[in-house]
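Since we're looking at a predicted model, the values are computed, not measured.
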Amino acid sequence: QVPYQPSSPRQVANTLALLRGRAGKTVDLGSGDGRLVLEAYKQGLRPALGYELNPWLLCLANYRAWRAGYHGKISFLKKDLWKVNLSDCHNVIVFLAPSVKPPLATKLLAELPDDARVVAGRYPFPSWSPSSTLGQGLDQVWAYDIKEVRREVQGRAQQSQV
């Protein structure tokens, strides 16, 4: 269980700035009230969807999508992020607790395509080097290009075998 903390307007802006100019399926793992998915869709990232287990937050996210005129255009699904296949995702947003990051890093490396980008908010992935970062303090976000992360992880694995 990860506690719900809504993203600030600056966190949303920084996240979407690191995804600007990208294309392909965009998912928010633990999408909360849906604000990041809504903004991703507004900025042309399609399809855009969120995975969330909390039924109240799912209702709120769907209400916000309906109110914005995006009902049926974006999706919020009650699915466990550990059980979804992310192999067709090109942009992944992750605002989750530090304890979730190491096992999630393994899942993302195993499933995402080489051209995928992961943007983490609040807490970086501890064993990955970001491709870029934006903001400071609580508003800081980190972008990771999966192809670069794979290269880095494989390099570390080879060095440890020597």
Side-chain angles (χ1 to χ4, degrees), residues 1-45 47-54 57 61 76-77 79-161:
Q1 288 287 62
V2 177
Y4 169 64
Q5 294 178 316
S7 304
S8 72
R10 178 55 42 206
Q11 287 171 330
V12 173
N14 288 345
T15 299
L16 274 296
L18 291 179
L19 293 174
R20 191 167 293 125
R22 295 185 52 82
K25 184 176 181 179
T26 301
V27 299
D28 183 3
L29 303 176
S31 56
D33 65 8
R35 65 185 68 200
L36 285 158
V37 176
L38 281 166
E39 194 57 36
Y41 184 85
K42 281 182 197 173
Q43 294 193 21
L45 291 165
L49 68 123
Y51 293 115
E52 177 59 57
L53 288 176
N54 182 317
L57 291 173
F76 295 100
L77 305 173
K79 289 194 176 180
D80 184 334
L81 68 88
W82 303 107
K83 295 177 182 170
V84 296
N85 183 337
L86 301 172
S87 63
D88 63 343
C89 299
H90 296 275
N91 305 295
V92 178
I93 300 168
V94 181
F95 275 65
L96 295 172
S99 60
V100 177
K101 295 285 173 66
L104 184 58
T106 301
K107 177 179 176 59
L108 295 173
L109 284 173
E111 295 180 14
L112 291 177
D114 268 352
D115 65 344
R117 174 171 270 195
V118 176
V119 178
R122 291 206 184 90
Y123 308 101
F125 280 87
S127 62
W128 292 0
S129 299
S131 307
S132 57
T133 184
L134 189 59
Q136 296 185 5
L138 291 175
D139 294 328
Q140 187 170 9
V141 294
W142 297 263
Y144 304 93
D145 292 321
I146 290 300
K147 189 174 186 175
E148 290 177 28
V149 172
R150 279 194 180 110
R151 196 174 303 134
E152 177 188 9
V153 169
Q154 288 166 352
R156 280 198 307 253
Q158 287 173 349
Q159 282 182 335
S160 69
Q161 291 175 352

Subject >> Spacing of CG belonging to Leu104 relative to CH2 belonging to Trp82, to within rounding of 0.5 Å >> reply: 4.5 Å
Original post:
Is the number of heavy atoms from other residues, nucleotides or ligands under 6.0 Å of Leu77 CG greater than 12?
Top reply: yes
**OP:** Check the surroundings of atom NZ in Lys25: do more than 12 heavy atoms from other residues, nucleotides or ligands lie under 6.0 Å from it?
**Re:** yes
**OP:** Show the numbers, then the answer: is there a side chain to side chain contact (heavy atoms under 4.5 Å, CB included) between Val149 and Phe125?
**Re:** CA-CA 11 Å; Val149 172; Phe125 280 87; over 6 Å; no
Subject >> Short side-chain to backbone donor-acceptor contact, Arg150 and Leu109, under 3.5 Å >> reply: yes
**OP:** Check Val141 against Gly121 and note the closest heavy-atom contact, atom names and distance.
**Re:** CG1-CA, 4.0 Å
Original post:
Around Lys79, counting heavy atoms of other residues, nucleotides and ligands shown, do more than 12 lie under 6.0 Å from its NZ?
Top reply: no
**OP:** Working to the nearest 0.5 Å, report the span between CG of Leu81 and CG of Asp28.
**Re:** 10.5 Å
Original post:
At what distance, to the nearest 0.5 angstrom, does CG of Leu16 lie from CG of Leu36?
Top reply: 7.0 Å
**OP:** Answer yes or no: is there a donor N or O on one side and an acceptor on the other, between the side chain of Asp114 and the main chain of Ile146, under 3.5 Å?
**Re:** no
**OP:** Would you name the heavy atoms of Ala61 and Phe76 that are closest together and state the gap between them?
**Re:** O-CE1, 3.6 Å
**OP:** Ignoring hydrogens and angles, tell me if any N or O in the side chain of Asp139 forms a donor-acceptor pair with the backbone of Ser8 under 3.5 Å.
**Re:** no
Subject >> Polar side-chain atom of Glu152 near backbone of Trp128 as donor-acceptor pair, under 3.5 Å >> reply: no
Original post:
Would you find a donor on one side and an acceptor on the other, under 3.5 Å apart, between the side chain of Ser131 and the backbone of Tyr144?
Top reply: no
Subject >> Distance in Å, Arg117 CZ paired with Glu148 CD, rounded so as to fall on 0.5 Å steps >> reply: 8.0 Å
Original post:
Does some side-chain heavy atom of Leu29 sit less than 4.5 Å from a side-chain heavy atom of Leu86?
Top reply: yes
**OP:** Taking atom CZ of Arg10 as the centre, report whether more than 12 heavy atoms of other residues, nucleotides or ligands fall under 6.0 Å from it.
**Re:** no
Subject >> Minimum heavy-atom distance between Cys89 and Val27, given as atom pair plus value >> reply: SG-CG1, 3.6 Å
Original post:
Donor-acceptor pair, Ser132 side chain versus Pro130 backbone, under 3.5 Å?
Top reply: no
Subject >> For the student: nearest non-hydrogen atoms of Thr26 and Ala40, plus distance >> reply: CG2-CB, 4.2 Å
Original post:
So how far is it from Ser7 OG to Phe95 CZ, rounded to the nearest 0.5 Å?
Top reply: 4.5 Å
**OP:** Answer yes or no: is there a donor N or O on one side and an acceptor on the other, between the side chain of Asn85 and the main chain of Ser87, under 3.5 Å?
**Re:** yes
Original post:
Which heavy atom in Val84 sits nearest to a heavy atom in Glu111, and how many Å separate them?
Top reply: O-OE1, 3.4 Å
Subject >> Donor-acceptor contact present, side-chain Tyr123 to main-chain Lys101, <3.5 Å >> reply: no
Subject >> Residue list, side chain to side chain contact (heavy atoms under 4.5 Å, CB included) with Asn54, at least two apart or on another chain >> reply: Glu52, Trp56, Leu57
Original post:
Does Leu45 reach the side chain of His90, with side-chain heavy atoms less than 4.5 Å apart?
Top reply: no
Original post:
So, for Gly24 and Asn91, which heavy atoms are closest and what is the spacing to 0.1 Å?
Top reply: O-ND2, 3.5 Å
Subject >> Distance, nearest 0.5 Å, that separates CD of Gln158 from CZ of Arg156 >> reply: 12.0 Å
Original post:
Would Asp33 and Arg35 pass as an ion pair if we require N to O under 4.0 Å?
Top reply: yes
